[in-house]
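See below for the structure under consideration.
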Amino acid sequence: MWWLKKAALMREVLRCRAVLYLSHGGYGEAAASPQRLTTPIFYVNAAPHLGHVYSALLADVQHRHAAICGRHSSLSTGTDEHGIKVQQAAAALGSSPSELCTRVSQKFREVFDAIGISYTDFVRTTEPRHIQAVQHFWKTLEDRGYIYKGTYQGWYCTSDEAFLSEDQTKESKDTSGTTIRVSEESGHQVHWMSEENYMFRLSALRPKLLDWLQTNPIHPAPFLRIVHQWLQNELPDLSVSRQSNRVSWGIPVPSDPSHTIYVWLDALINYLTVAKYPDPNCSPWGPSMHFLGKDILRFHAIYWPAFLLAAGLPPPAKLFVHSHWTCQGVKMSKSLQNVIDPTDCIHRYTRDGFRYFLLRNGSPERDCDFNHTAVSKLLNSALADALGGLLNRCTAHTLNPAQCWPHFQHKVVPSSSRDQLQELLGALQRLPEQVDQFMIMFQAHKALEAIDGSVRSLNAYFQSQAPWKLVKGNEDEKAWAQCILYITLEALRLYATLLQPAVPDLAKTILDRLGVEQEYRTLTGNFFVSTHGGVCHFEGQELGPECGLLYHRLVDEEYQEQKLKKPM
Ligand code: MSP
């Protein structure tokens, strides 16, 4: 029943929109404040790769989209620097953990700057402000009776820094054929551990977590179902410290320095650190919108809301969960040496080309494979041919010798063209709302698909109307050609405005070429005003300076190599 589905979707859009505009001052009560967007914080035991960039990019595009809609938001990112993994990686390199952290954290910053992640805060878990937040949070959990001392016995996965029950592990073979035990979820090796440490009363929070799930906080829906499934069973209490003689690189338990705080409790609190917790004078912690990959769902969908609820704070408003990038069908990972270097991709495709590909071909719901041929094909077709072609055509001197925005006059639209024009304008005017809905529902790929579809339809319309012939015709035909040109320029202004979050440089090139002033680069103004009989600010205004080709067609080296190898 499509209308039931549509009504349910609309309800969800409205609910998400309310969350986007409001941040809760307490669980349930609303107060207007900016939305807080966060990326995961990144482990510093390996250099940044394409998968990391994707997590950050999804949050960035949401942050930039909020800005063009006139909504205020913040975006935090950073590096996760404690724990046994980092301790071991530093030892293997013969450097100190702190040296390794500083070096790799800086690499993340550089890559994020290069790809244009517009973060408003970059947090490192080794910073004093974070250590203070973690220790204050720990004391709050202790004061509220959620921490006790106990003996933890079970499996520990160092790669994932996760405690696992027997049924979350399975037997496997390592590369030499030796039988080992691995995590069912990640496939990483686990080791048996028996240690006296501090435990968190996770078991007591299951009912509250189930209540929280009723608010539909996890997108897309398949991930919500997975969490429901996990919560079908009782939750065991969680070990939240390690003895510091085993894990020394971390934050000590405030009342007992012989224990180090569990690295995931430490890391998740970064979301509070950037909200200036525990400063009582800062804006109250409102539920954030966290962007994360599916491999860290359990930590964000069970542990994090449980920690917050135990501390008397509101749980996250939204978790936006994405799937993974694979390389020839295998998840990218440092250990498999199949990672794609984002810096190399920025050189090959420009930062906007790379951003566009990741956002358009990535999908939160399913894993996507990265290959250079697919990148070239998409960028040539969408950016060089469709969008770049349209810009070239409607700003060409042959068609627009005055290099001005022409006027639109209703009366010169030929009666045979009116219905088709009405349909075209209707679709163009619905586009901003459609794009906004996709963005709110965490579907950037669909938003870009909708814009690209519209660009292609308009190209086809332009081709069918052949304004280059009309400008050589009688007065009416000339005037009609000006109307077509006006609509095309106005549509390009709309596309470029909508594309700013995804491809900020290309969008700027288009808006500069169209001579659009800075204050007109948001979605808060109106489009196609003249077609409703209003006065359009741009009519008669000069275009901006020439910009050359919008996006240079790529030569796909891999494709060319394959062609050369093939016998003729
Ligand atoms: N440090 C933790 C997160 C703590 S957040 C409080 C961590 N770090 S990570 O560096 O391993 O991963 C960071 C993000 O990169 C995660 O969202 C993860 O899903 C994402 N990706 C890592 N590899 C990926 C792919 N191959 N594809 C897409 N994203 C993946 O986990």
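Whatever order the structure lists them in is the order used to number ligands and atoms, beginning at 1.
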Within 45° cone of Phe223 ring axis and under 6.0 Å: Lys294 NZ or CZ: no

Under 4.0 Å from a heavy atom of Asp80: give me the atoms of ligand 1 that qualify, with their elements. 1 (N), 2 (C), 4 (C)

For atom 24 (C) of ligand 1, the closest protein heavy atom turns out to be Gly51 CA, 3.6 Å

Would you find more than 12 non-hydrogen atoms of other residues, nucleotides or ligands less than 6.0 Å from Gln232 atom CD? yes

When distances are taken from atom 20 (C) of ligand 1, the protein heavy atom at minimum range is Ser55 OG, 3.6 Å

I'd like to know if Asp113 pairs up with Arg109 as an ion pair, taking the criterion as any Lys NZ or Arg NE/NH1/NH2 lying under 4.0 Å from an Asp or Glu carboxylate oxygen. no

Using a 6.0 Å distance limit plus a 45 degree cone around the ring axis, check whether Arg129 lies over the aromatic ring of Tyr277. no

Does ligand 1 have a heavy atom under 4.0 Å from the side chain of Asn270, from its backbone, from both, or from neither? side chain

Shortest protein heavy-atom distance from atom 2 (C) of ligand 1, along with the residue and atom involved: Ile41 O, 3.4 Å

Centre-to-centre under 6.0 Å for Phe354 and Tyr54, is that the case here? no

For His49, counting its heavy atoms only, list the atoms of ligand 1 lying under 4.0 Å from any of them. 22 (C), 23 (N), 24 (C)

Does Lys149 pair with Asp256 as a salt bridge, N-O distance under 4.0 Å? yes

Measure the distance from atom 26 (N) of ligand 1 to every protein heavy atom, then report the residue, atom name and distance (to 0.1 Å) of the closest one. Trp325 O, 3.1 Å

With a 4.0 Å heavy-atom cut-off (strictly under), which part of Tyr271 contacts ligand 1: side chain, backbone, both or neither? side chain

Decide whether His82 and Tyr262 meet the rule of one side-chain donor and one side-chain acceptor closer than 3.5 Å. no

Tell me if the aromatic rings of Tyr156 and His191 count as close, with their centers under 6.0 Å from one another. no

Among non-hydrogen protein atoms, atom 31 (O) of ligand 1 lies closest to Ile296 CG2, 3.4 Å

Is a donor from one side chain sitting under 3.5 angstrom from an acceptor on the other, for Asp295 and His324? yes

Nearest protein heavy atom to atom 15 (O) of ligand 1, by residue and atom, and its distance? His52 CD2, 3.5 Å

Identify the protein heavy atom lying closest to atom 30 (C) of ligand 1, giving its residue, its atom name and the separation to 0.1 Å. His324 CD2, 3.6 Å

Subset of ligand 1 atoms that lie under 4.0 Å from at least one heavy atom of Met332: 26 (N)

Measure Trp264 to ligand 1 on non-hydrogen atoms and call it side chain, backbone, both or neither using the 4.0 Å cut-off. side chain

Indicate yes or no: does Arg71 engage Asp436 in a salt bridge with an N to O separation below 4.0 Å. yes

Please write down residue, atom name and distance for the protein heavy atom closest to atom 11 (O) of ligand 1. Tyr43 CD1, 3.3 Å

Does any N or O atom in Gly293 lie less than 3.5 angstrom from one in ligand 1, N or O only? yes

Close N or O approach (Phe42, ligand 1; < 3.5 Å): no

